[in-house]
Amino acid sequence: MIENNLADLIQNGLRRAIDSGHLKTALPRTIEIERPREKSHGDWASNIAMILAKEARQPPRALAETIIEYLDKPDYLAEVEIAGPGFINFRLSSKWLSDSLTQICELGDAYGRSEVENPQKIQIEFVSANPVGPMHVGHGRWAAVGDSLARLLAAVGHQVESEFYINDWGNQMRIFGASVAARYREIFGEALELPEDGYQGHYITDIAQEIVDTDGDKYLRLKPEDQSAEFSKRAYKQVLEHIKKTLVAMDVSFDSWFSESTLHERGKLSESMEFLDQKDLTYRSEGALWLKTVDFGDDKDRVLMRANGEPTYFAADIAYHREKVERGFDKLINIWGADHHGYVKRVQAAMTAMGAGENRLEIIIGQLVNLFSGGKAVRMSKRTGEMVTLDELLADVGRDPARYFFLMRGTDTALDFDIELAKSQTSENPVYYVQYAHARICSILRHAADQKLTPIGKKANFNLLAHESEMALMRELADAPSIIARAASARAPHRLTKYAQDIAAAFHQFYHQCRVVSDDEDLSFARLTLVDATRQVIKNVLWLIGVSAPQKM
RNA sequence: GCCCUCGUAGCUCAGGGGAUAGAGCACCGGUUUCCUAAACCGGGUGUCGCAUGUUCGAUUCAUGCCGGGGGCACCA
């Protein structure tokens, strides 16, 4: 990545300046290379002279001059200048731009990927929707964000595993089963008696009906408790299948599905509680077993085992996270909805209590999704009168717009999802804007093929690409590795949507100013290569977003 | 009350210790004998919520306040 090259360049220059005695300062550990906001300030800039000024006892501008004197002049640099209060501005040469074009052609689908300095084994857990009902729209956001983040982290060289945690144990499963049982009996004419906190949704009746359809009334003979037990198992499987189907529709896949029940079955809960007990981190009070989470930064201590002998969800989560650590991940990333943020401190406290290390667990709290249609909030589905499900949204707007829209905002901002906009096939809709650029390029390439021209890099003379819009497009394309790397380290896949739009804009501008296929064969080849490279980069970025790159629209 | 998060253009938002703070939409006007007009070009807006602090430099970091959203179970 170019930033690293520039940082090394300065580092080497500084070393020589220090060795020669012209500079009296310690060698800084890191050199910041930033992108100036103002284009006239060059492609990249360093503030190192201002940083070192105090220690070196020199005014920043003079110091910058000294540094520049000792700098190498690699061929990728066109110009180095001092500006403003002491910035060192770099302008890249056209050779650098054409080199990156060559690179795009050579690397193809791999262009934009990179290798982080310290590759980690990362597990990312997201969605983990409770298997007691259909996924709602918020789950869709975490599916889109989580899947994209997983792709992003892998693209910069981490070893990534995605996981869906299935809460298939405990009270909610009992209530779920009892709810289905109540609906089942209702179908056979009994009065409806939903359990306390029972599930209300219409899908419960659907599940009950399905049981009636396949097995008839044979469960009526069972006691209600046995019906509930039977149905919770059965209905849970059904719901989980449904969840999996919805995720497939979103093109989101998980490397592993982890069942909470297996923790209980394998004695993992008592194991972790014993572990914490041995470290003297638990105590009994009011009949319950508590974990001293306050000692690790929580607001109050938390219950592990209720007075009635039942473990809490928190206890299961501790066992689960302990299990994850045992599986050898360097980093655990959890994506949770904002409604779970109050839970963060205690889980982090538990991680510390278990000695898992300060930064082992990273919890991304995502704000909620609000549906809008034509400026009006949409809360309930017109069809069912209940919460709009993710399935309904996907059926309505389609996968590509859904994934793109879910990704458009940073996770810590609430997302207003405009259904009408997502459906509209106009320039207002960013997903179409980007896809249209890709389709348009494919069309140009088809046209060129008809003219017996094909974009083969070898024959292209990139020096011919000197138009301002060509340069701008090349600069945009050359940015991919650093944009992707920064998006990954900031856990900010939404930046990809902005980048995709930037490339598309640069391309559309170029298209209107430069004719690709013309009588000038050399120029045509050069431009076809540029256009093909643009196609490749858009495709790669859209892949990271999880959106298709259509050949025709 | 406590905790988290947001507050940037008319609207939706991006950005982020630096040099003149960006994009899309909306609004007005223009572009097609030519590779996709789902496109492009031109036109203008900001006390970056307020205050204090840290810094050579703060819209960005810290603290407080104000305002929006969310959360504060022996629920999951």
Side-chain angles (χ1 to χ4, degrees), chain A residues 32 34-38 40-41 45 47 50-51 53-54 59-60 83-87 89 128 130 132 167 169-173 175 197 260 285-290 298-300 302-317 337-345 365-368 370 372 375 408-416 418 421 424-437 439-448 450-451 453 492 494-495 497-498 501-502 504-505 507-518 524 527-528 531 552-553:
Chain A
E32 272 177 62
E34 60 189 17
R35 168 140 285 184
R37 281 210 272 237
E38 178 60 38
S40 67
H41 292 143
N47 60 359
M50 275 121 72
I51 303 271
K54 205 181 218 175
F87 289 101
N89 291 344
S128 301
N130 288 341
V132 293
N167 297 127
W169 194 89
N171 211 27
Q172 67 164 358
M173 293 308 291
I175 295 173
D197 300 322
E260 181 187 350
S285 170
E286 302 164 58
L289 181 69
W290 299 71
D298 198 5
D299 305 320
K300 56 182 208 178
R302 306 290 175 174
V303 172
L304 293 173
M305 194 72 84
R306 283 171 253 195
N308 66 7
E310 290 276 321
T312 57
Y313 180 79
F314 180 46
D317 240 6
D339 50 342
H340 283 72
H341 96 262
Y343 198 63
V344 171
K345 266 191 187 172
I365 290 297
Q367 300 299 316
L368 306 174
N370 304 307
F372 282 86
M408 271 201 298
R409 305 277 174 256
T411 45
D412 41 19
T413 315
L415 174 70
D416 288 343
D418 188 332
L421 180 60
S424 80
Q425 308 204 348
T426 68
S427 56
E428 296 161 42
N429 188 346
V431 64
Y432 281 103
Y433 183 77
V434 176
Q435 288 185 316
Y436 181 68
R440 192 179 230 184
I441 290 170
C442 292
S443 165
I444 296 171
L445 295 176
R446 284 191 296 268
H447 175 78
D450 290 345
Q451 312 291 311
L453 285 168
H494 71 279
R495 290 191 194 167
T497 60
K498 177 155 195 308
Q501 287 167 70
D502 289 343
F507 166 72
H508 287 309
Q509 280 158 32
F510 154 80
Y511 175 86
H512 280 274
Q513 291 178 47
C514 301
R515 191 171 167 86
V516 178
V517 178
S518 68
S524 294
R527 286 183 171 167
L528 278 169
V531 153
K552 277 185 188 169
M553 282 174 77

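Letters A, B, ... mirror the listed sequences (proteins, then strands); counts begin at 1.
A donor-acceptor pair shorter than 3.5 Å cannot be found between the side chains of Asn167(A) and Gln172(A).
Once rounded to the nearest 0.5 Å, the distance linking NE2 of His341(A) with CG of Asp412(A) reads 13.0 Å. Rounded to the nearest 0.5 Å, atoms CD1 (Ile365(A)) and CG (Asp339(A)) are 8.5 Å apart.
Side chain of Arg527(A) to main chain of Arg515(A): a donor-acceptor pair is present (N/O by atom type, distance under 3.5 Å, no hydrogens or angles). Proximity of a side-chain donor or acceptor of Asn370(A) to a complementary backbone N or O of Asp416(A) within less than 3.5 Å is not detected.
Counting distance only, with no hydrogens placed and no angle test, the side-chain atoms of Asn47(A) and the base atoms of A19(B) include no donor-acceptor pair under 3.5 Å.
Across all strands shown, C75(B) forms no Watson-Crick or G-U wobble pair with both distances under 3.5 Å. Summarising the base pairing, U52(B) is matched to A62(B) through a Watson-Crick or G-U wobble pair whose two defining distances lie under 3.5 Å. G46(B) is unpaired under the Watson-Crick or G-U wobble criterion, no partner having all donor-acceptor distances under 3.5 Å. Across all strands shown, C35(B) forms no Watson-Crick or G-U wobble pair with both key distances under 3.5 Å. Pair check for G57(B) finds none; no Watson-Crick or G-U wobble contact set falls under 3.5 Å.
Per the stacking criterion (ring centres < 5.5 Å, plane angle < 30°), Tyr436(A) does not stack onto the base of A39(B). Ring-to-base geometry does not place His341(A) in a stacked arrangement with G71(B) (centre distance under 5.5 Å, plane angle under 30° required).
The same atom, C1', is picked in G7(B) and in G49(B); the two are 6 Å apart, to the nearest Å. Between C4(B) and C65(B), the distance separating the two P atoms is 12 Å to the nearest Å. Spacing of C1' atoms, U8(B) relative to A14(B), comes out at 10 Å, to the nearest Å.
Where Glu34(A) and Gln172(A) meet RNA chain B, the nucleotide closest to each residue was compared, and Glu34(A) sits on the side nearer the 5' end. The nearest heavy atom of RNA chain B to Lys345(A) and to Gly287(A) marks one nucleotide each, and the one closer to the 5' end goes with Lys345(A).
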Trace of the salt bridge (Lys or Arg N to Asp or Glu O under 4.0 Å) decision for Asp502(A) with Lys498(A): CA-CA 6 Å; Asp502(A) 289 343; Lys498(A) 177 155 195 308; 3.4 Å; yes

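A perpendicular orientation is assigned to the rings of Phe314(A) and Tyr343(A), their planes being inclined by more than 60° (bins at 30° and 60°).
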Distances for protein N/O vs nucleotides 25-32 of chain B N/O pairs under 3.5 angstrom?
unit_1, atom_1, unit_2, atom_2, d
A26(B), OP1, Glu428(A), OE2, 3.2

Atom pairs under 3.5 Å: protein N/O with N/O of nucleotides 8-12 of chain B:
unit_1, atom_1, unit_2, atom_2, d
U12(B), O2', Arg409(A), NH2, 2.9

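Nucleotide G69(B) holds its C1' atom 9 Å from the CG atom of Asn370(A), rounded to whole Å.
The two residues Asn429(A) and Leu421(A) come nearest to each other via the heavy atoms ND2-O, 2.9 Å.
Taking only side-chain nitrogens and oxygens, His494(A) comes nearer than 4.0 Å to OP1 or OP2 of G15(B).
Looking at heavy-atom distances under 4.0 Å, Ala439(A) makes contact with a base.
When the nucleotides C74(B), A19(B), A38(B) are ranked by their closest atom to the side chain of Val303(A), C74(B) comes out on top.
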